[in-house]
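For reference, the structure discussed in these notes is given below.
Excluded from the calculations below are hydrogen atoms, water molecules and symmetry mates; all remaining heavy atoms, backbone and side chain alike, are included. If you're wondering where the values come from, they're calculated on a predicted model, not measured in any experiment.
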Amino acid sequence: MSRADVFDLGALCLSAGEARRIQLEVPLSGLRFGEDFYAAVPPQVPVRLDISRMVHGGYSLRLRFSAALRGPCMRCLGDAEPSTTVDAREVDQPGGGEDLASPYVRGQELDVAGWARDAFALALPVQVVCRVDCAGLCPVCGEDLNRAGPEHAHDPPPDPRWAKLRELKLE
């Protein structure tokens with residue numbers, strides 16, 4: 001398996017209708033959500049790249065890999081490392097218009113690292129959490145509700161409609 005940031009499609013010398021499956025090792029950069037940084041695990045991802053040559057010189061491309069993202073849970077701030085599977089497809093057909101032009105293909109070169117990074121970011125869940133049923137932090141005291149027992153509770157705040165009655169001084 002070879003390492004590649006950019007892959008030379010022309011080196012395959014595919015004719016129309018031919019296809020190849022390539023195994024590559026692609027660097028996968030981490031992502032920043034707000035102030036938090038999430039590292040890609042592993043930083044070098046084994047990728048399966050399917051390349052098919054289309055009629056009129058275009059390419060049909062498919063990228064598949066699995067990776068995880070390591071960083072703080074967005075609910076409880078503990079350690080999180082959710083795994084994500086990516087299955088992305090691109091088409092690049094010269095002269096086919098905007099819909100058939102891949103932003104990752106320039107001439108005969110495929111930006112595999114850029115495509116992998118973008119596909120990974122799009123495949124991630126909306127929230128990076130330590131587990132699906134993470135309870136988060138208590139909004140009153142900030143305690144981790146995953147570790148707090150069932151006795152964890154707070155008195156409800158007083159009803160503001162009765163606030164004036166607290167000002168009464170009874171003798």
Side-chain angles (χ1 to χ4, degrees), residues 1-12 14 18-54 58-93 98-150 152:
M1 190 177 317
S2 61
R3 184 180 184 276
D5 293 355
V6 176
F7 185 78
D8 184 8
L9 297 169
L12 294 175
L14 296 175
E18 281 191 298
R20 293 281 188 282
R21 176 167 286 158
I22 311 290
Q23 299 288 336
L24 298 171
E25 186 115 343
V26 177
L28 193 59
S29 59
L31 301 169
R32 184 168 295 284
F33 293 112
E35 295 295 316
D36 295 320
F37 179 76
Y38 293 84
V41 179
Q44 299 290 323
V45 180
V47 166
R48 188 164 85 188
L49 179 62
D50 295 323
I51 304 166
S52 300
R53 185 73 172 189
M54 297 173 18
Y59 292 97
S60 173
L61 307 162
R62 185 175 184 187
L63 179 75
R64 290 181 272 188
F65 65 91
S66 292
L69 202 60
R70 182 183 297 146
C73 174
M74 291 181 172
R75 292 183 190 159
C76 71
L77 303 177
D79 293 332
E81 194 172 317
S83 182
T84 302
T85 300
V86 174
D87 188 350
R89 298 168 193 261
E90 284 287 325
V91 172
D92 187 69
Q93 182 68 48
E98 193 176 297
D99 292 338
L100 296 176
S102 172
Y104 307 106
V105 178
R106 288 180 202 89
Q108 293 292 310
E109 290 189 340
L110 172 64
D111 179 9
V112 184
W115 186 18
R117 180 197 62 243
D118 293 350
F120 184 58
L122 290 172
L124 289 172
V126 175
Q127 286 191 334
V128 177
V129 292
C130 57
R131 62 181 202 236
V132 178
D133 63 340
C134 177
L137 300 175
C138 175
V140 176
C141 67
E143 185 173 350
D144 185 349
L145 295 175
N146 296 313
R147 291 189 208 123
H152 180 84

Could you tell me whether the side chain of [Y] reaches within less than 4.5 Å of the side chain of [X], counting heavy atoms only?
| X | Y | value |
| --- | --- | --- |
| Leu14 | Ile51 | yes |
| Thr85 | Asp87 | no |
| Val105 | Leu9 | yes |
| Gln127 | Cys73 | no |
| Leu110 | Val6 | no |
| Leu69 | Phe33 | yes |
| Pro27 | Asp5 | yes |

Is a side-chain donor-acceptor pair under 3.5 Å present for [Y] with [X]?
| X | Y | answer |
| --- | --- | --- |
| Tyr59 | Arg53 | yes |
| Asp92 | Tyr104 | no |
| Asn146 | Arg75 | no |

Exercise. Using the side chain to side chain contact (heavy atoms under 4.5 Å, CB included) rule, take Phe120 and Leu122 through it: C-alpha gap first, then chi angles, then the decisive distance, then the call.
Key: CA-CA 5 Å; Phe120 184 58; Leu122 290 172; over 6 Å; no
Quiz prompt | Heavy-atom closest pair, residues Leu137 and Gly142 | solution =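 That closest heavy-atom pairing would be CD2-O, 3.6 Å.
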Quiz item: For atom CZ of Arg64, is the number of surrounding heavy atoms from other residues, nucleotides or ligands below 6.0 Å larger than 12?
Solution: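 Correct, the count exceeds 12.
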Exercise. Indicate yes or no: does Arg20 engage Asp50 in a salt bridge with an N to O separation below 4.0 Å.
Key: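 Not counted as a salt bridge, because no side-chain N and carboxylate O are separated by less than 4.0 Å.
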Quiz prompt | Nearest-0.5 Å distance that lies between atom CZ in Arg147 and atom SG in Cys76 | solution =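 Reported value, rounded in 0.5 Å steps: 7.0 Å.
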Quiz item: With a distance cut-off below 6.0 Å to the six-membered ring centre and an angular limit of 45° from the axis, does Arg48 pair with Phe65 as a cation-pi contact?
Solution: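 Here Arg48 fails the 6.0 Å and 45° test against Phe65.
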